[in-house]
There are 2 protein chains.
Amino acid sequence: MSRETNRDTQGQPSRPPRATSAISSVPVPAAAHAGPVSHAIFRVARLHRMIAGQLLRRVGLHLGQELVMMHLWELGPQRQTDLVRLIDSDAATMTRSIKRLENAGFVRRRPCPDDKRAVIIEPTAASQALRQEVERIWAELEGASTGDLTPDQQAETLNTLRRIEDSLARTAARTSSASAAGTGVR
Amino acid sequence: MSRETNRDTQGQPSRPPRATSAISSVPVPAAAHAGPVSHAIFRVARLHRMIAGQLLRRVGLHLGQELVMMHLWELGPQRQTDLVRLIDSDAATMTRSIKRLENAGFVRRRPCPDDKRAVIIEPTAASQALRQEVERIWAELEGASTGDLTPDQQAETLNTLRRIEDSLARTAARTSSASAAGTGVR
DNA sequence: GTGATTTACTTGTTCGGACAGGTAATGGCG
DNA sequence: CGCCATTACCTGTCCGAACAAGTAAATCAC
(Lines give C-alpha, C1' and ligand atoms only; values in the text may rest on other atoms or scores of the structure.)
Protein backbone atom coordinates (compact mmCIF):
# COMPACT_ATOMS: atom_id res chain seq x y z
CA MET A 1 0.00 0.00 0.00
CA SER A 2 0.99 3.58 -0.02
CA ARG A 3 2.66 5.17 2.92
CA GLU A 4 -0.63 6.21 4.46
CA THR A 5 -2.13 3.01 5.78
CA ASN A 6 -3.90 4.25 8.83
CA ARG A 7 -7.58 4.16 9.46
CA ASP A 8 -10.03 6.15 11.57
CA THR A 9 -9.92 9.95 11.25
CA GLN A 10 -13.33 10.03 9.70
CA GLY A 11 -14.23 12.91 7.44
CA GLN A 12 -17.47 14.81 7.50
CA PRO A 13 -19.25 13.34 4.46
CA SER A 14 -22.94 12.67 4.49
CA ARG A 15 -22.98 8.92 4.94
CA PRO A 16 -22.09 6.26 7.50
CA PRO A 17 -19.17 4.02 6.54
CA ARG A 18 -21.25 0.86 6.33
CA ALA A 19 -19.77 -1.10 9.19
CA THR A 20 -16.69 -2.48 7.41
CA SER A 21 -17.72 -6.11 7.32
CA ALA A 22 -14.65 -8.25 7.86
CA ILE A 23 -11.25 -8.07 9.41
CA SER A 24 -8.73 -6.26 7.28
CA SER A 25 -11.05 -5.59 4.34
CA VAL A 26 -10.19 -2.04 3.42
CA PRO A 27 -13.29 0.13 3.33
CA VAL A 28 -14.05 0.14 -0.36
CA PRO A 29 -17.81 -0.17 -0.56
CA ALA A 30 -18.49 1.19 -4.02
CA ALA A 31 -16.06 -0.85 -6.02
CA ALA A 32 -16.44 -3.98 -3.94
CA HIS A 33 -20.18 -4.17 -4.24
CA ALA A 34 -20.09 -3.38 -7.96
CA GLY A 35 -17.80 -6.30 -8.76
CA PRO A 36 -16.40 -8.38 -5.95
CA VAL A 37 -14.28 -10.71 -8.06
CA SER A 38 -13.04 -7.87 -10.20
CA HIS A 39 -12.14 -5.87 -7.17
CA ALA A 40 -10.41 -8.83 -5.56
CA ILE A 41 -8.32 -9.28 -8.68
CA PHE A 42 -7.42 -5.64 -8.55
CA ARG A 43 -6.30 -5.78 -4.94
CA VAL A 44 -4.36 -9.01 -5.34
CA ALA A 45 -2.66 -7.60 -8.40
CA ARG A 46 -1.62 -4.46 -6.58
CA LEU A 47 -0.26 -6.29 -3.57
CA HIS A 48 1.57 -8.79 -5.74
CA ARG A 49 3.08 -6.05 -7.84
CA MET A 50 4.11 -4.06 -4.80
CA ILE A 51 5.84 -6.95 -3.10
CA ALA A 52 7.60 -7.94 -6.30
CA GLY A 53 8.74 -4.37 -6.74
CA GLN A 54 10.11 -4.19 -3.22
CA LEU A 55 12.00 -7.44 -3.55
CA LEU A 56 13.42 -6.57 -6.95
CA ARG A 57 14.50 -3.11 -5.94
CA ARG A 58 16.87 -4.60 -3.42
CA VAL A 59 18.86 -6.24 -6.19
CA GLY A 60 18.75 -3.22 -8.45
CA LEU A 61 15.99 -4.28 -10.79
CA HIS A 62 12.68 -2.70 -11.66
CA LEU A 63 9.40 -4.48 -12.19
CA GLY A 64 9.38 -6.40 -15.43
CA GLN A 65 13.11 -6.25 -15.93
CA GLU A 66 13.47 -9.52 -14.10
CA LEU A 67 11.40 -11.23 -16.79
CA VAL A 68 13.75 -9.99 -19.47
CA MET A 69 16.77 -11.22 -17.55
CA MET A 70 15.21 -14.59 -16.79
CA HIS A 71 14.56 -15.21 -20.45
CA LEU A 72 18.03 -14.12 -21.42
CA TRP A 73 19.60 -16.35 -18.80
CA GLU A 74 17.54 -19.32 -19.83
CA LEU A 75 17.49 -18.97 -23.59
CA GLY A 76 20.65 -16.99 -24.22
CA PRO A 77 20.97 -13.93 -26.46
CA GLN A 78 17.72 -12.90 -28.04
CA ARG A 79 16.57 -10.34 -30.53
CA GLN A 80 14.58 -7.54 -29.02
CA THR A 81 11.49 -8.57 -30.90
CA ASP A 82 11.80 -12.11 -29.55
CA LEU A 83 11.88 -10.77 -26.02
CA VAL A 84 8.77 -8.77 -26.75
CA ARG A 85 6.99 -11.92 -27.89
CA LEU A 86 8.27 -14.04 -25.02
CA ILE A 87 7.13 -11.62 -22.36
CA ASP A 88 4.20 -10.45 -24.44
CA SER A 89 5.26 -6.91 -23.87
CA ASP A 90 5.41 -3.80 -25.98
CA ALA A 91 8.17 -2.93 -28.41
CA ALA A 92 8.46 0.60 -27.08
CA THR A 93 8.53 -0.53 -23.48
CA MET A 94 11.16 -3.11 -24.36
CA THR A 95 13.38 -0.53 -26.01
CA ARG A 96 13.45 1.59 -22.87
CA SER A 97 13.68 -1.33 -20.52
CA ILE A 98 16.67 -2.70 -22.42
CA LYS A 99 18.29 0.70 -22.41
CA ARG A 100 18.04 0.86 -18.62
CA LEU A 101 19.31 -2.67 -18.22
CA GLU A 102 22.19 -1.72 -20.46
CA ASN A 103 22.98 1.34 -18.38
CA ALA A 104 22.88 -0.83 -15.30
CA GLY A 105 25.38 -3.18 -16.91
CA PHE A 106 23.16 -6.24 -17.01
CA VAL A 107 22.80 -6.62 -20.77
CA ARG A 108 24.76 -5.77 -23.87
CA ARG A 109 23.50 -4.84 -27.33
CA ARG A 110 24.98 -6.25 -30.48
CA PRO A 111 23.79 -5.78 -34.05
CA CYS A 112 22.29 -8.86 -35.61
CA PRO A 113 24.49 -10.11 -38.47
CA ASP A 114 21.61 -11.61 -40.45
CA ASP A 115 19.20 -8.72 -40.10
CA LYS A 116 20.47 -5.17 -39.97
CA ARG A 117 17.19 -3.99 -38.46
CA ALA A 118 17.49 -6.25 -35.47
CA VAL A 119 19.52 -6.01 -32.29
CA ILE A 120 20.74 -8.95 -30.27
CA ILE A 121 20.47 -8.57 -26.52
CA GLU A 122 22.73 -10.68 -24.37
CA PRO A 123 23.25 -10.92 -20.63
CA THR A 124 26.59 -9.72 -19.34
CA ALA A 125 28.85 -11.78 -17.14
CA ALA A 126 28.12 -9.33 -14.36
CA SER A 127 24.45 -10.16 -14.61
CA GLN A 128 25.09 -13.77 -13.67
CA ALA A 129 25.53 -12.69 -10.08
CA LEU A 130 21.93 -11.53 -10.20
CA ARG A 131 20.51 -14.79 -11.42
CA GLN A 132 20.42 -16.56 -8.11
CA GLU A 133 19.04 -13.49 -6.43
CA VAL A 134 16.22 -13.22 -8.94
CA GLU A 135 15.40 -16.90 -8.64
CA ARG A 136 15.32 -16.54 -4.89
CA ILE A 137 13.01 -13.55 -5.23
CA TRP A 138 10.64 -15.46 -7.48
CA ALA A 139 10.57 -18.30 -5.02
CA GLU A 140 9.89 -15.85 -2.24
CA LEU A 141 7.14 -14.23 -4.27
CA GLU A 142 5.61 -17.60 -4.98
CA GLY A 143 5.69 -18.41 -1.31
CA ALA A 144 4.11 -15.10 -0.47
CA SER A 145 1.33 -15.79 -2.96
CA THR A 146 0.61 -19.36 -1.98
CA GLY A 147 1.15 -18.96 1.75
CA ASP A 148 0.86 -22.22 3.58
CA LEU A 149 -1.32 -23.92 1.01
CA THR A 150 -0.92 -27.62 0.40
CA PRO A 151 0.17 -28.71 -3.08
CA ASP A 152 -3.41 -29.71 -3.78
CA GLN A 153 -4.68 -26.31 -2.78
CA GLN A 154 -2.01 -24.68 -4.90
CA ALA A 155 -3.15 -26.69 -7.89
CA GLU A 156 -6.71 -25.66 -7.19
CA THR A 157 -5.64 -22.02 -6.93
CA LEU A 158 -3.78 -22.31 -10.19
CA ASN A 159 -6.88 -23.76 -11.79
CA THR A 160 -8.99 -20.89 -10.57
CA LEU A 161 -6.53 -18.34 -11.89
CA ARG A 162 -6.37 -20.07 -15.25
CA ARG A 163 -10.13 -20.07 -15.47
CA ILE A 164 -10.18 -16.34 -14.83
CA GLU A 165 -7.45 -15.81 -17.37
CA ASP A 166 -9.27 -17.80 -20.03
CA SER A 167 -12.44 -15.91 -19.35
CA LEU A 168 -10.70 -12.56 -19.57
CA ALA A 169 -8.85 -13.62 -22.68
CA ARG A 170 -12.11 -14.53 -24.38
CA THR A 171 -13.54 -11.13 -23.56
CA ALA A 172 -10.38 -9.41 -24.69
CA ALA A 173 -10.62 -11.14 -28.02
CA ARG A 174 -14.23 -10.07 -28.41
CA THR A 175 -13.63 -6.55 -27.18
CA SER A 176 -10.60 -5.63 -29.23
CA SER A 177 -12.15 -6.62 -32.54
CA ALA A 178 -14.69 -3.87 -32.92
CA SER A 179 -14.76 -3.85 -36.69
CA ALA A 180 -12.84 -6.84 -37.99
CA ALA A 181 -13.53 -10.48 -37.30
CA GLY A 182 -9.84 -11.03 -36.87
CA THR A 183 -8.58 -13.13 -34.08
CA GLY A 184 -5.20 -12.67 -35.61
CA VAL A 185 -5.12 -15.15 -38.46
CA ARG A 186 -2.96 -12.73 -40.38
CA MET B 1 -1.68 -7.68 -24.86
CA SER B 2 0.42 -5.45 -26.98
CA ARG B 3 -0.29 -4.96 -30.60
CA GLU B 4 1.96 -7.82 -31.60
CA THR B 5 -0.11 -10.84 -30.78
CA ASN B 6 0.76 -13.01 -33.70
CA ARG B 7 2.47 -16.31 -33.61
CA ASP B 8 4.54 -18.28 -36.10
CA THR B 9 7.00 -16.18 -38.11
CA GLN B 10 9.77 -18.63 -37.49
CA GLY B 11 12.76 -16.86 -36.06
CA GLN B 12 16.22 -17.99 -36.95
CA PRO B 13 18.11 -17.67 -33.65
CA SER B 14 18.61 -20.61 -31.35
CA ARG B 15 15.09 -20.80 -30.14
CA PRO B 16 13.34 -24.12 -29.69
CA PRO B 17 9.77 -23.08 -28.89
CA ARG B 18 9.31 -25.97 -26.53
CA ALA B 19 6.05 -27.30 -27.93
CA THR B 20 3.76 -24.63 -26.46
CA SER B 21 1.84 -26.94 -24.20
CA ALA B 22 -1.75 -25.80 -24.23
CA ILE B 23 -3.96 -23.60 -26.30
CA SER B 24 -3.38 -19.96 -25.49
CA SER B 25 -0.63 -20.45 -22.93
CA VAL B 26 1.95 -17.96 -24.07
CA PRO B 27 5.43 -19.49 -24.21
CA VAL B 28 6.88 -18.20 -20.97
CA PRO B 29 9.02 -21.04 -19.69
CA ALA B 30 11.34 -19.25 -17.32
CA ALA B 31 8.86 -17.29 -15.28
CA ALA B 32 6.18 -19.93 -15.37
CA HIS B 33 8.37 -22.67 -14.06
CA ALA B 34 9.90 -20.43 -11.40
CA GLY B 35 6.56 -19.53 -9.88
CA PRO B 36 3.39 -20.78 -11.53
CA VAL B 37 0.93 -19.11 -9.18
CA SER B 38 2.88 -15.89 -9.16
CA HIS B 39 3.05 -15.87 -12.89
CA ALA B 40 -0.65 -16.64 -13.20
CA ILE B 41 -1.42 -13.71 -10.93
CA PHE B 42 0.74 -11.52 -13.10
CA ARG B 43 -1.01 -12.55 -16.31
CA VAL B 44 -4.50 -12.28 -14.87
CA ALA B 45 -3.66 -8.85 -13.50
CA ARG B 46 -2.40 -7.64 -16.84
CA LEU B 47 -5.37 -8.91 -18.77
CA HIS B 48 -7.79 -7.51 -16.22
CA ARG B 49 -6.09 -4.15 -16.25
CA MET B 50 -6.01 -4.04 -20.03
CA ILE B 51 -9.68 -4.82 -20.44
CA ALA B 52 -10.65 -2.31 -17.76
CA GLY B 53 -8.53 0.30 -19.50
CA GLN B 54 -10.15 -0.36 -22.84
CA LEU B 55 -13.64 -0.15 -21.45
CA LEU B 56 -12.93 2.99 -19.45
CA ARG B 57 -11.25 4.78 -22.29
CA ARG B 58 -14.47 4.68 -24.26
CA VAL B 59 -16.16 6.88 -21.67
CA GLY B 60 -13.22 9.23 -21.26
CA LEU B 61 -11.72 7.84 -18.08
CA HIS B 62 -8.32 6.47 -17.30
CA LEU B 63 -7.52 3.49 -15.13
CA GLY B 64 -8.10 4.28 -11.48
CA GLN B 65 -10.09 7.42 -12.11
CA GLU B 66 -13.27 5.36 -12.07
CA LEU B 67 -12.57 4.43 -8.46
CA VAL B 68 -12.35 8.08 -7.48
CA MET B 69 -15.60 8.86 -9.23
CA MET B 70 -17.41 5.87 -7.76
CA HIS B 71 -16.49 6.94 -4.27
CA LEU B 72 -17.52 10.51 -4.92
CA TRP B 73 -20.84 9.42 -6.37
CA GLU B 74 -21.55 7.12 -3.48
CA LEU B 75 -20.24 9.11 -0.56
CA GLY B 76 -20.51 12.64 -1.84
CA PRO B 77 -17.81 15.36 -1.61
CA GLN B 78 -14.62 14.16 0.02
CA ARG B 79 -11.36 15.64 1.05
CA GLN B 80 -8.44 14.58 -1.07
CA THR B 81 -6.84 12.77 1.80
CA ASP B 82 -10.05 10.82 2.40
CA LEU B 83 -10.05 9.68 -1.20
CA VAL B 84 -6.47 8.55 -0.79
CA ARG B 85 -7.44 6.46 2.18
CA LEU B 86 -10.59 5.07 0.57
CA ILE B 87 -8.81 3.89 -2.53
CA ASP B 88 -5.59 3.22 -0.67
CA SER B 89 -3.72 5.26 -3.20
CA ASP B 90 -0.91 7.75 -3.06
CA ALA B 91 -1.27 11.44 -2.21
CA ALA B 92 0.84 12.49 -5.16
CA THR B 93 -1.02 10.25 -7.56
CA MET B 94 -4.31 11.56 -6.23
CA THR B 95 -3.25 15.16 -6.76
CA ARG B 96 -2.58 14.54 -10.44
CA SER B 97 -5.54 12.28 -10.95
CA ILE B 98 -7.87 14.89 -9.47
CA LYS B 99 -6.30 17.56 -11.63
CA ARG B 100 -7.04 15.53 -14.74
CA LEU B 101 -10.56 14.77 -13.64
CA GLU B 102 -11.02 18.47 -13.02
CA ASN B 103 -9.75 19.33 -16.50
CA ALA B 104 -12.13 16.74 -17.89
CA GLY B 105 -14.97 18.43 -16.06
CA PHE B 106 -15.89 15.50 -13.85
CA VAL B 107 -14.96 16.97 -10.47
CA ARG B 108 -14.70 20.38 -8.86
CA ARG B 109 -12.32 21.58 -6.14
CA ARG B 110 -13.44 23.67 -3.24
CA PRO B 111 -11.40 24.82 -0.24
CA CYS B 112 -12.34 23.15 3.01
CA PRO B 113 -13.81 25.71 5.43
CA ASP B 114 -12.65 23.91 8.57
CA ASP B 115 -9.12 23.16 7.45
CA LYS B 116 -7.27 25.58 5.24
CA ARG B 117 -4.82 22.88 4.23
CA ALA B 118 -7.50 20.61 2.82
CA VAL B 119 -9.42 20.62 -0.44
CA ILE B 120 -12.92 19.26 -0.94
CA ILE B 121 -13.47 17.31 -4.13
CA GLU B 122 -17.01 17.01 -5.43
CA PRO B 123 -18.49 15.40 -8.52
CA THR B 124 -19.96 17.77 -11.07
CA ALA B 125 -23.47 17.49 -12.43
CA ALA B 126 -21.93 16.60 -15.77
CA SER B 127 -20.25 13.61 -14.17
CA GLN B 128 -23.61 12.08 -13.31
CA ALA B 129 -24.01 11.07 -16.93
CA LEU B 130 -20.94 8.91 -16.48
CA ARG B 131 -22.19 7.07 -13.47
CA GLN B 132 -24.37 4.58 -15.27
CA GLU B 133 -21.67 4.01 -17.85
CA VAL B 134 -19.10 3.25 -15.19
CA GLU B 135 -21.45 0.92 -13.37
CA ARG B 136 -22.13 -0.87 -16.63
CA ILE B 137 -18.41 -1.16 -17.24
CA TRP B 138 -17.82 -2.65 -13.82
CA ALA B 139 -20.58 -5.14 -14.41
CA GLU B 140 -19.05 -5.99 -17.76
CA LEU B 141 -15.64 -6.37 -16.19
CA GLU B 142 -17.05 -8.61 -13.52
CA GLY B 143 -18.69 -10.73 -16.16
CA ALA B 144 -15.46 -10.92 -18.09
CA SER B 145 -13.66 -12.07 -14.97
CA THR B 146 -16.15 -14.66 -13.81
CA GLY B 147 -17.15 -15.93 -17.23
CA ASP B 148 -19.91 -18.46 -17.04
CA LEU B 149 -19.19 -19.55 -13.50
CA THR B 150 -22.04 -20.54 -11.25
CA PRO B 151 -22.60 -18.46 -8.12
CA ASP B 152 -21.01 -21.25 -6.11
CA GLN B 153 -17.96 -21.23 -8.29
CA GLN B 154 -17.79 -17.46 -8.05
CA ALA B 155 -17.84 -17.69 -4.29
CA GLU B 156 -15.10 -20.28 -4.46
CA THR B 157 -13.08 -18.02 -6.75
CA LEU B 158 -13.57 -15.13 -4.40
CA ASN B 159 -12.38 -17.29 -1.56
CA THR B 160 -9.25 -18.24 -3.42
CA LEU B 161 -8.48 -14.64 -4.24
CA ARG B 162 -9.00 -13.58 -0.66
CA ARG B 163 -6.67 -16.30 0.51
CA ILE B 164 -3.99 -15.06 -1.85
CA GLU B 165 -4.58 -11.49 -0.73
CA ASP B 166 -4.28 -12.40 2.92
CA SER B 167 -1.12 -14.34 2.25
CA LEU B 168 0.40 -11.47 0.30
CA ALA B 169 -0.68 -8.97 2.92
CA ARG B 170 1.05 -10.96 5.62
CA THR B 171 4.25 -11.01 3.61
CA ALA B 172 3.98 -7.33 2.84
CA ALA B 173 3.76 -6.56 6.52
CA ARG B 174 6.85 -8.64 7.17
CA THR B 175 8.76 -7.37 4.16
CA SER B 176 8.30 -3.67 4.59
CA SER B 177 10.01 -3.67 7.95
CA ALA B 178 12.96 -5.77 6.83
CA SER B 179 16.47 -4.65 6.03
CA ALA B 180 17.41 -1.88 3.67
CA ALA B 181 20.34 -2.71 1.42
CA GLY B 182 20.30 0.20 -0.97
CA THR B 183 21.78 -0.75 -4.33
CA GLY B 184 20.00 1.22 -6.96
CA VAL B 185 20.26 1.08 -10.71
CA ARG B 186 19.00 4.57 -11.00
C1' DG C 1 14.41 -4.57 -60.71
C1' DT C 2 10.88 -1.56 -58.91
C1' DG C 3 7.31 -0.53 -55.76
C1' DA C 4 4.25 -1.78 -51.91
C1' DT C 5 3.94 -4.04 -47.67
C1' DT C 6 5.72 -5.92 -43.53
C1' DT C 7 8.96 -6.05 -39.86
C1' DA C 8 12.34 -4.18 -36.18
C1' DC C 9 13.23 -0.61 -33.60
C1' DT C 10 13.13 4.31 -31.87
C1' DT C 11 11.02 8.47 -30.04
C1' DG C 12 7.30 11.38 -28.13
C1' DT C 13 3.43 11.75 -25.21
C1' DT C 14 0.24 10.57 -21.49
C1' DC C 15 -1.18 7.93 -17.70
C1' DG C 16 -0.90 5.48 -12.91
C1' DG C 17 2.26 4.44 -9.38
C1' DA C 18 6.01 5.18 -6.27
C1' DC C 19 9.59 7.85 -3.87
C1' DA C 20 11.87 12.19 -2.39
C1' DG C 21 11.58 16.52 -1.20
C1' DG C 22 9.04 21.13 -0.03
C1' DT C 23 5.27 24.36 1.76
C1' DA C 24 1.72 25.67 4.38
C1' DA C 25 -1.67 24.90 8.05
C1' DT C 26 -2.84 22.37 12.24
C1' DG C 27 -2.49 20.85 16.87
C1' DG C 28 -0.21 19.44 21.06
C1' DC C 29 2.87 20.65 24.87
C1' DG C 30 5.42 23.22 27.96
C1' DC D 1 2.31 32.39 23.86
C1' DG D 2 6.07 30.04 21.15
C1' DC D 3 8.13 25.69 19.73
C1' DC D 4 7.64 21.58 17.01
C1' DA D 5 5.89 17.35 15.14
C1' DT D 6 2.09 16.06 12.22
C1' DT D 7 -0.97 16.56 8.52
C1' DA D 8 -2.65 17.98 3.71
C1' DC D 9 -1.18 18.94 -0.43
C1' DC D 10 2.08 20.00 -4.30
C1' DT D 11 6.14 19.31 -7.41
C1' DG D 12 9.91 16.76 -9.51
C1' DT D 13 11.75 12.50 -10.99
C1' DC D 14 11.77 7.75 -12.53
C1' DC D 15 9.55 3.59 -14.01
C1' DG D 16 6.26 0.43 -16.71
C1' DA D 17 2.53 0.50 -19.91
C1' DA D 18 0.06 1.96 -23.84
C1' DC D 19 -0.67 4.54 -28.16
C1' DA D 20 0.96 7.26 -32.19
C1' DA D 21 4.24 8.22 -35.49
C1' DG D 22 8.45 7.82 -37.70
C1' DT D 23 12.87 5.49 -39.84
C1' DA D 24 15.32 1.91 -41.85
C1' DA D 25 15.71 -2.66 -43.49
C1' DA D 26 13.75 -6.90 -45.24
C1' DT D 27 10.27 -9.23 -47.93
C1' DC D 28 6.75 -9.82 -51.21
C1' DA D 29 4.33 -8.81 -55.64
C1' DC D 30 4.63 -7.74 -60.24
Side-chain angles (χ1 to χ4, degrees), chain A residues 1-4 6 9 11 42 45-47 49-54 56-57 60-68 78-85 87-101 103-104 109 111-112 114-121 176 186, chain B residues 1-4 6 8-12 42 45-47 49-54 56-57 60-68 78-85 87-101 103-104 109 111-121 176 180 182 184-186:
Chain A
M1 307 309 175
S2 57
R3 303 183 223 72
E4 29 257 308
N6 30 8
T9 64
F42 173 74
R46 226 165 36 139
L47 257 181
R49 182 182 179 82
M50 198 221 320
I51 295 177
Q54 285 180 354
L56 286 171
R57 192 151 43 89
L61 285 179
H62 289 276
L63 268 166
Q65 296 185 339
E66 89 281 12
L67 291 177
V68 176
Q78 298 283 315
R79 297 184 309 159
Q80 205 163 304
T81 202
D82 292 327
L83 287 173
V84 167
R85 261 192 295 272
I87 304 181
D88 194 16
S89 175
D90 184 277
T93 299
M94 188 56 68
T95 292
R96 293 168 176 121
S97 195
I98 294 285
K99 191 179 298 178
R100 284 156 189 153
L101 284 172
N103 289 341
R109 296 166 50 110
C112 180
D114 303 345
D115 190 335
K116 288 186 202 163
R117 300 169 300 175
V119 183
I120 302 282
I121 314 297
S176 60
R186 92 177 277 182
Chain B
M1 309 305 175
S2 55
R3 299 182 227 72
E4 27 256 312
N6 32 7
D8 69 5
T9 65
Q10 25 70 290
Q12 63 281 35
F42 173 74
R46 234 177 15 152
L47 256 180
R49 182 181 178 83
M50 198 222 318
I51 295 177
Q54 285 180 353
L56 286 170
R57 192 150 43 89
L61 287 179
H62 289 276
L63 266 167
Q65 296 186 338
E66 89 280 10
L67 292 177
V68 177
Q78 300 282 318
R79 296 185 310 159
Q80 205 163 304
T81 202
D82 292 327
L83 287 173
V84 166
R85 261 191 295 272
I87 304 182
D88 193 17
S89 176
D90 184 277
T93 299
M94 189 56 69
T95 292
R96 295 169 174 116
S97 195
I98 294 287
K99 191 179 297 178
R100 283 154 190 154
L101 283 171
N103 288 340
R109 297 166 51 110
C112 180
D114 304 345
D115 191 337
K116 287 184 201 166
R117 301 169 299 175
V119 183
I120 301 283
I121 314 296
S176 58
V185 173
R186 41 196 340 178

Nearest-nucleotide comparison on DNA chain D, the residue closer to the 5′ end among B:Arg57 and A:Leu63: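 In this pair, the answer is A:Leu63.
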Taking for each residue the nucleotide of DNA chain D with the nearest heavy atom, is it B:Lys99 or A:Ser97 whose nucleotide lies nearer the 5' end?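 Closest to the 5' end, via its nearest nucleotide, is B:Lys99.
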Starting at [atom1] of [X], measure out to [atom2] of [Y] and round the result to the nearest 0.5 Å.
X: B:Leu83; Y: B:Gln78; atom1: CG; atom2: CD; result: 5.5 Å
X: B:Arg85; Y: B:Arg79; atom1: CZ; atom2: CZ; result: 6.5 Å
X: B:Leu61; Y: B:Leu67; atom1: CG; atom2: CG; result: 10.5 Å

Starting from [atom2] on [N], measure out to [atom1] on [X] and report it in whole angstrom.
X: A:Leu67; N: D:dC15; atom1: CG; atom2: C1'; answer: 15 Å
X: B:Leu56; N: C:dT14; atom1: CG; atom2: C1'; answer: 16 Å
X: A:Gln78; N: C:dC9; atom1: CD; atom2: C1'; answer: 16 Å
X: B:Ile98; N: D:dC9; atom1: CD1; atom2: P; answer: 10 Å
X: B:Met94; N: C:dC15; atom1: CE; atom2: C1'; answer: 14 Å
X: A:Ile121; N: C:dA8; atom1: CD1; atom2: P; answer: 14 Å
X: B:Leu83; N: C:dG16; atom1: CG; atom2: C1'; answer: 16 Å
X: A:Asn103; N: D:dC15; atom1: CG; atom2: C1'; answer: 13 Å

Look at the side-chain N and O atoms of [X] and state whether any lies under 4.0 Å from the OP1 or OP2 oxygen of [N].
X: B:Arg109; N: D:dC10; answer: yes
X: A:Gln54; N: C:dA18; answer: no
X: A:Arg117; N: D:dT27; answer: no
X: B:Arg96; N: D:dG12; answer: no
X: A:Thr95; N: C:dT10; answer: yes
X: B:Thr93; N: C:dG16; answer: no

With no hydrogens and no angle check, is any side-chain donor or acceptor of A:Glu66 less than 3.5 Å from a backbone partner on A:Gly64?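 Yes: the side chain of A:Glu66 pairs with the backbone of A:Gly64.
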Would you indicate which nucleotide in [options] comes nearest to any side-chain atom of [X]?
X: B:Gln65; options: D:dA8, D:dG16, C:dG16; result: C:dG16
X: B:His62; options: C:dC9, C:dT26, C:dG16; result: C:dG16
X: A:Ala92; options: C:dC9, C:dT11, C:dC15; result: C:dT11

For the residue pair A:Ile121 and A:Arg109, establish whether any side-chain heavy-atom pair is separated by less than 4.5 Å.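 Of all side-chain heavy-atom pairs linking A:Arg109 with A:Ile121, at least one is under 4.5 Å.
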Relative to the 5' end of DNA chain C, which residue comes earlier, A:Arg49 or A:Val119, by the nucleotide with the nearest heavy atom?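 Result: A:Val119.
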